[in-house]
Amino acid sequence: MLEVVDLTVAYGPVVALHGVSLTVQDASITAVLGANGAGKTTLVRTISGLVRPRAGSVRLDGRELIRLPPEEIARLGIAHVPQGQGVLAELTVDENLRLGGLWRRDRKAQRGALDETYELFPPLAGRRHLTAFSLSGGERQMLSVGRALVARPRLLLLDEPSLGLARRALVQIMGRIKALVTERGLTVLLIEQNAKSALSVADDAIVLHLGNVVAHGPAQKLADEEGLRHAYLGF
């Protein structure tokens with residue numbers, strides 16, 4: 001579904017990605033792993049159109065995304081869940097979720113997407129009229145993911161969902177994402193510093209180090225490579 005070829009991204013004189021290439025298969029989870037500063041967030045921000053690369057290509061089903069505005073990329077079926085539980089704290093849970101489907105003109109489909117999200121994340125259903133400010137960290141992350149899913153994307157870019165979460169909340173969220181991949185054919189590019197958690201749900205994985213790809217392959221194979229784990233993944 002997604003193909004990234006020789007992507008180079010720089011912030012002034014600092015090169016954040018050095019000729020990065022990867023492919024993401026339809027209806028699968030691909031994990032992008034690495035320490036802080038590896039270039040993981042830069043990668044997803046470039047795919048979603050928020051950052052312009054110096055060189056390279058990003059294609060969705062063969063269509064070039066480079067130079068398309070972020071809103072057009074979203075309409076093509078890519079949803080980006082940013083790092084850090086990016087919700088609007090002063091709005092209610094329901095209002096936050098509705099933002100994810102604002103561009104949809106079919107109100108019936110939008111309502112159906114909202115209902116599906118409440119079924120997927122039951123804790124949100126009982127808090128739909130409360131402000132996001134009142135939610136726990138895990139509930140805010142559910143809301144951030146849920147808002148992206150209301151757009152019914154084909155590809156979900158999920159940036160550091162484990163950040164600041166208790167293990168129980170993270171297991172809940174990742175379990176529901178895995179179910180969407182299996183049952184509905186969602187495709188996920190999962191950016192994670194928590195490599196052990198990501199590899200447990202991913203089909204494939206790549207490891208970034210200082211903007212370079214140092215390993216890629218089936219997730220289980222990378223998890224079994226002790227030298228790689230110790231050198232780059234921290235477990």
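As the structure is a computational prediction, the values presented were derived from the model and not from experiment.
The closest side-chain heavy-atom distance from Leu60 to Met1 is below 4.5 Å. The closest side-chain heavy-atom distance from Glu192 to Leu158 is not below 4.5 Å. A heavy-atom distance below 4.5 Å is not found between the side chains of Val201 and Val188. Looking at heavy atoms from C-beta onward, Leu143 lies out of side-chain contact with Arg127 at the 4.5 angstrom threshold.
Applying the side-chain hydrogen bond (donor to acceptor under 3.5 Å, both in side chains) test to every pair with at least one member in residues 91-101, sequence neighbours left out, gives these pairs: Thr92-Glu95, Asp94-Arg98, Asp94-Tyr118, Asn96-Arg147. Screening residues 36-48 for side-chain hydrogen bond (donor to acceptor under 3.5 Å, both in side chains), with sequence neighbours left out, gives Tyr11-Thr42, Thr41-Gln83, Thr41-Asp159, Ser48-His80.
No donor-acceptor pair closer than 3.5 Å links the side chain of Thr131 to the backbone N or O of Glu90. At distances below 3.5 Å, not a single donor-acceptor pair connects side-chain atoms of Arg128 with backbone N or O atoms of Leu124.
A side chain to side chain contact (heavy atoms under 4.5 Å, CB included) with Ile47 holds for exactly one of Ile66, Ile73, Val58; it is Val58.
In the hydrophobic cluster analysis, where Ile, Leu, Val, Met, Phe, Trp and Tyr join through side-chain heavy atoms closer than 4.5 angstrom, Ile173 is grouped together with Val93. No continuous path of hydrophobic side-chain contacts links Ile206 to Val214 [ILVMFWY only; heavy atoms under 4.5 Å].
One distance of note links CG of Leu22 with CG of Asp204; it measures 10.5 Å at 0.5 Å rounding. Within the model, atoms CG of Leu17 and CZ of Arg54 stand 11.5 Å from one another, a figure rounded to the nearest 0.5 Å. Atom CG in Leu163 sits 8.0 Å away from atom CD in Gln141 (nearest 0.5 Å). In this structure, the separation between OG1 on Thr30 and CG on Leu2 is 8.5 Å, given to the nearest 0.5 Å. If you take CD1 on Ile78 and CD on Glu72, they are separated by 10.5 Å, rounding to the nearest 0.5 Å. Between atom CZ of residue Arg154 and atom CG of residue Asp26 there is a gap of 6.5 Å, rounded to the nearest 0.5 Å.
Using modelled atom types, one finds a donor on one side chain and an acceptor on the other under 3.5 Å when comparing Glu64 with Ser57.
Counting heavy-atom neighbours within 6.0 Å of His216 NE2, excluding the residue itself, gives a total of 12 or less.
A pairwise comparison of heavy atoms in Val87 and Ala132 identifies CG2-CB, 4.0 Å as the closest pair.
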